[in-house]
Amino acid sequence: SQEGEDYKVDIAYLYDSSRKKIGYLEVVANVSELQRLIKAVNEKQNKLQDSIKDLDHSFKMLSEGRFVSVPISSDDPLLGLKENANESIDSLKELVVSLKETAKSIASSVSDISTSSSDIAKATQQVASTVGLVNGQNQAEITSLEKTIKALDAVSSSISQVTAGA
């Protein structure tokens, strides 16, 4: 036997025909390599579990709207998966920033359109009143224009609320 080695010993008794012990059989096996393999598998399993926990944490943060990269080590068993996850997280972050900027731009444009439409409606009403041509048809067009302006104001308000919360 060598120092630092592990052995498994099995013993079986041998009997004669009258069931009297006449000896024993001993089997000795070196299980050192098996023990090393079990230890290595356990270490890899622990690394894999830790790596999965890292992914789980980052995806949980992502589901809450926080863009947290997945930590990576050079010997990570999920290295490629984590690199892809981080690329996806970065792309999503850039997309959200771009969408917020676009939403703010749209909100500003809708607000400008609403203001312009309101000014046009007032000017049209003043012209119609001045000329004295306010009849049923013109009044219906003005009412329709006013409804459109109110709808644009509602859209502008909604977009402003969305961008304010972003």
Side-chain angles (χ1 to χ4, degrees), residues 1-118 144 146-166:
S1 105
Q2 295 179 1
E3 190 175 318
E5 298 288 310
D6 291 319
Y7 293 89
K8 178 181 177 191
V9 178
D10 288 313
I11 299 175
Y13 289 102
L14 301 174
Y15 299 93
D16 66 10
S17 59
S18 63
R19 304 284 301 149
K20 180 180 174 191
K21 290 182 190 177
I22 57 171
Y24 64 90
L25 178 65
E26 183 178 271
V27 178
V28 178
N30 184 334
V31 293
S32 299
E33 183 62 22
L34 179 61
Q35 294 294 332
R36 281 190 286 278
L37 289 173
I38 289 171
K39 183 179 178 183
V41 166
N42 287 338
E43 288 173 0
K44 286 185 178 190
Q45 182 180 11
N46 289 339
K47 281 185 180 181
L48 183 60
Q49 286 174 342
D50 290 343
S51 190
I52 290 170
K53 285 178 187 175
D54 292 341
L55 277 166
D56 182 58
H57 174 74
S58 291
F59 287 144
K60 185 175 188 311
M61 295 294 104
L62 185 60
S63 73
E64 295 172 359
R66 297 187 288 179
F67 300 96
V68 177
S69 294
V70 184
I72 301 176
S73 63
S74 60
D75 64 340
D76 197 311
L78 300 175
L79 180 67
L81 178 65
K82 285 183 169 184
E83 288 173 341
N84 291 340
N86 282 340
E87 287 176 20
S88 296
I89 289 169
D90 290 343
S91 294
L92 285 171
K93 185 176 182 178
E94 290 172 14
L95 178 63
V96 168
V97 167
S98 175
L99 287 172
K100 285 180 179 180
E101 290 171 0
T102 301
K104 286 179 183 177
S105 175
I106 290 171
S108 175
S109 296
V110 168
S111 177
D112 292 347
I113 290 169
S114 176
T115 300
S116 297
S117 296
S118 179
S144 174
E146 287 172 345
K147 287 180 184 177
T148 302
I149 292 167
K150 286 181 184 177
L152 283 172
D153 284 340
V155 168
S156 176
S157 176
S158 295
I159 292 173
S160 294
Q161 289 174 355
V162 168
T163 57

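Predicted model only: the values in this text are computed from it and were never measured. We use all heavy atoms of the structure for the numbers below, so side chains are in, but hydrogens, waters and symmetry mates are not.
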*Spacing of CG belonging to Asn86 relative to NZ belonging to Lys93, to within rounding of 0.5 Å*: 11.5 Å

*Charged N to carboxylate O below 4.0 Å: is that the case for Lys47 and Glu43?*
no

*Between atom OH of Tyr15 and atom NZ of Lys21, what is the distance when rounded to the nearest 0.5 Å?*
5.0 Å

_Could you measure the distance from the OH atom of Tyr13 to the CD atom of Glu26? Nearest 0.5 Å is fine._
10.5 Å

*asked:* Between the side chains of Lys104 and Glu101, is the shortest nitrogen-to-carboxylate-oxygen separation below 4.0 Å, so that they form an ion pair?
replied: no

*Where the side chain of Ser98 meets the backbone of Glu94, is there a donor-acceptor pair that is under 3.5 Å apart?*
no

*Partner of Ser51 under side-chain hydrogen bond (donor to acceptor under 3.5 Å, both in side chains), chosen from Asp76, Asn46, Asp75*: Asp76

*Decide yes or no for Phe67 and Leu62: does some side-chain heavy atom of the first lie under 4.5 Å from some side-chain heavy atom of the second?*
yes

*Going from CD1 on Ile22 to OG on Ser17, what distance comes out if it is rounded to the nearest 0.5 angstrom?*
8.5 Å

*From Asp50, Asp54, Asp56, residue fulfilling salt bridge (Lys or Arg N to Asp or Glu O under 4.0 Å) relative to Lys82*: Asp54

_Show, in sequence, the C-alpha distance, side-chain angles and deciding distance for Gln45 and Asn42, and conclude whether the side chain to side chain contact (heavy atoms under 4.5 Å, CB included) test is met._
CA-CA 5 Å; Gln45 182 180 11; Asn42 287 338; 4.0 Å; yes

*asked:* Could you check whether any side-chain N or O of Ser63 sits under 3.5 Å from a backbone N or O of Lys60, counting only pairs where one atom can act as donor and the other as acceptor?
replied: yes

*asked:* Testing the basics here: between Ser69 and Ser58, what is the closest heavy-atom pair and its distance to 0.1 Å?
replied: O-OG, 3.3 Å

*For residues Leu25 and Leu14, report the shortest heavy-atom separation together with the two atoms involved.*
N-CG, 4.3 Å

_Minimum side-chain heavy-atom gap Leu92-Ile89 below 4.5 Å_ = no

*Specify the closest pair of heavy atoms between Leu79 and Ser73, including all atoms of both residues, with the distance to one decimal.*
CD1-O, 3.7 Å

*What distance separates Leu55 CG from Leu78 CG, expressed to the nearest 0.5 Å?*
6.0 Å

